[in-house]
Asks: 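Mind having a look at this structure? Questions to follow.
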Number of protein chains: 2
Amino acid sequence: MDPNKQARLDAAGWKVGDAADFLSLSPAEAELVEIRHRLAQAVRTVRAEHHVSQAQLARILGSSQSRVAKIEAGDRSVSLDLMVRALLGLGLGHQELAGWLGAKSAA
Amino acid sequence: MDPNKQARLDAAGWKVGDAADFLSLSPAEAELVEIRHRLAQAVRTVRAEHHVSQAQLARILGSSQSRVAKIEAGDRSVSLDLMVRALLGLGLGHQELAGWLGAKSAA
DNA sequence: CGTGTGCATGTCGAATCCGACATACTGGAC
DNA sequence: GTCCAGTATGTCGGATTCGACATGCACACG
């Protein structure tokens, strides 16, 4: 979070934590959320780099545009399986996948 | 594959390919198989290192021993989600997960 | 020998996730 | 302004995956 914003919120009497604090997630649950978010970002980024529309990716996956939109939105109805299949469909291998999982966040 | 073994099979008139050749999988399908195999291995290895039984891990996950066995066997009825949740339940974070995904295989 | 612990496999009803479709919102071209 | 491609959101019936349980096998200990 932007330190300036945090300072302002502090001054206003707000407690500042992350989503895990707020929802009281276990460490494992928080990690799963992080992973889902990273993969969702990866799909959106890689797809854009390849100049592929959601509809086109959907065809590659044998799915529909709406589901691709949900993948990138991190919708609750989307499993890790589908996210990973989307990335593989975009041509990534397991090594590159590991890169998206493990790389430091752009913050 | 062990080069010696391949040489022996060659001598016997066998064509030697990998599972993807045999089943004519697309690259993406082959990658998914690879990923599932790596995660299954990771669960078995990390669990053993922590001296945790399948039944104990099952309790951590809120699941049953039989499902943990299927996870480690790479059973078709097990999703990537469940495999990842198992690893997170064993205390791994997304970085370590990426390590298991991306590390070079022991061959 | 019997007993206990750990792991594997098959099957079930219930829960989740899927593709598909309808629909709505956006931003750029004309 | 009207279009249109791209994206987002909600819902549905059917497919997949879930936890649970039963059961079998192997191995160690007594």
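Below, all heavy atoms of this structure are taken into account, side chains as well, without hydrogens, waters or symmetry copies. Chain letters run A, B, ... following the sequence lines, proteins first, then strands; residues in each count from 1.
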Asks: Which nucleotide sits closest to the side chain of E72(B): dA8(D), dT9(C), dA8(C)?
Replies: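 Between dA8(D), dT9(C), dA8(C), the one nearest the side chain of E72(B) would be dA8(C).
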Asks: For H50(B) and dG6(C), what is the distance between atoms NE2 and C1' respectively, to the nearest whole Å?
Replies: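 My rounded result for the distance is 19 Å.
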Asks: Is the shortest side-chain N/O distance from R44(A) to OP1 or OP2 of dG6(D) below 4.0 Å?
Replies: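 For dG6(D), OP1/OP2 do not have a side-chain N/O of R44(A) under 4.0 Å.
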Asks: Rounding to an integer number of Å, can you tell me how far K70(A) NZ sits from dG10(D) P?
Replies: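 These atoms are roughly 7 Å apart.
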Asks: Between Q54(B) and E72(B), is any side-chain donor less than 3.5 angstrom from a side-chain acceptor?
Replies: yes
Asks: Answer yes if the side chains of Q65(B) and Q56(B) hold a donor-acceptor pair under 3.5 Å, and no otherwise.
Replies: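 The criterion, which ignores hydrogens and geometry beyond distance, is not satisfied for Q56(B) and Q65(B).
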Asks: What is the separation between atom CG on D75(B) and atom P on dG19(D), rounded to the nearest whole Å?
Replies: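 In whole Å, dG19(D) P lies 13 Å from D75(B) CG.
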Asks: Would you mind telling me which of dA8(D), dC7(C), dG19(C) lies closest to the side-chain atoms of S64(A)?
Replies: dG19(C)
Asks: Using heavy atoms to find the nearest nucleotide of DNA chain C for D81(B) and Q56(B) separately, return the residue whose nucleotide is more 5′.
Replies: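 In this pair, the answer is Q56(B).
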Asks: Strictly below 4.0 Å: does S79(A) bring a side-chain N or O up to OP1 or OP2 of dC17(C)?
Replies: no
Asks: List the atom of V52(B), the atom of L57(B), and the distance in Å for their closest heavy-atom pair.
Replies: CG1-N, 3.7 Å
Asks: Under 4.0 Å between a side-chain N or O of R47(A) and OP1 or OP2 of dT7(D)?
Replies: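 For dT7(D), OP1 or OP2 has a side-chain N or O of R47(A) closer than 4.0 Å.
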Asks: Does dC7(C) have OP1 or OP2 sitting under 4.0 Å from an N or O in the side chain of R67(B)?
Replies: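 Indeed not, no polar side-chain atom of R67(B) lies that close.
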Asks: Where the side chain of D81(A) meets the backbone of L80(B), is there a donor-acceptor pair that is under 3.5 Å apart?
Replies: yes
Asks: Starting the side chain at C-beta, find the nucleotide from dC18(D), dA20(C), dC7(C) nearest to Q54(B).
Replies: dC7(C)
Asks: Using the rule side-chain hydrogen bond (donor to acceptor under 3.5 Å, both in side chains), only one of H37(B), R36(B), R38(B) pairs with E34(B); which is it?
Replies: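 The option that passes is R38(B).
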Asks: Hey, does V68(A) reach any base, or is it just sugar-phosphate, or nothing, if we go heavy atoms under 4.0 Å?
Replies: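 Here V68(A) touches no strand at all.
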Asks: What nucleotide among dA8(D), dG6(C), dA20(D) has an atom nearest to a side-chain atom of S53(B)?
Replies: dG6(C)
Asks: For the side chain of A69(A), starting at C-beta, report the closest nucleotide among dT9(D), dC18(C), dG19(D).
Replies: dT9(D)
Asks: In whole angstroms, how far is the C1' atom of dT17(D) from the CD1 atom of I71(B)?
Replies: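 After rounding, the gap between these two atoms is 12 Å.
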Asks: What is the separation between atom CZ on R76(A) and atom C1' on dG10(D), rounded to the nearest whole Å?
Replies: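 Whole-Å distance recorded here is 13 Å.
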Asks: Start at the 5' end of DNA chain D and walk down; is the nucleotide closest to Q65(B) or to L82(B) reached first?
Replies: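 Its nearest nucleotide being more 5', the pick is L82(B).
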Asks: Rounded to whole angstroms, how far apart are CG on L80(B) and C1' on dT17(D)?
Replies: 12 Å
Asks: Starting from P on dG6(C), measure out to NE2 on H51(B) and report it in whole angstrom.
Replies: 14 Å
Asks: Please check the phosphate of dG19(D) (OP1 and OP2 only) for any side-chain N or O of S63(B) closer than 4.0 Å.
Replies: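 Indeed, a polar side-chain atom of S63(B) lies that close.
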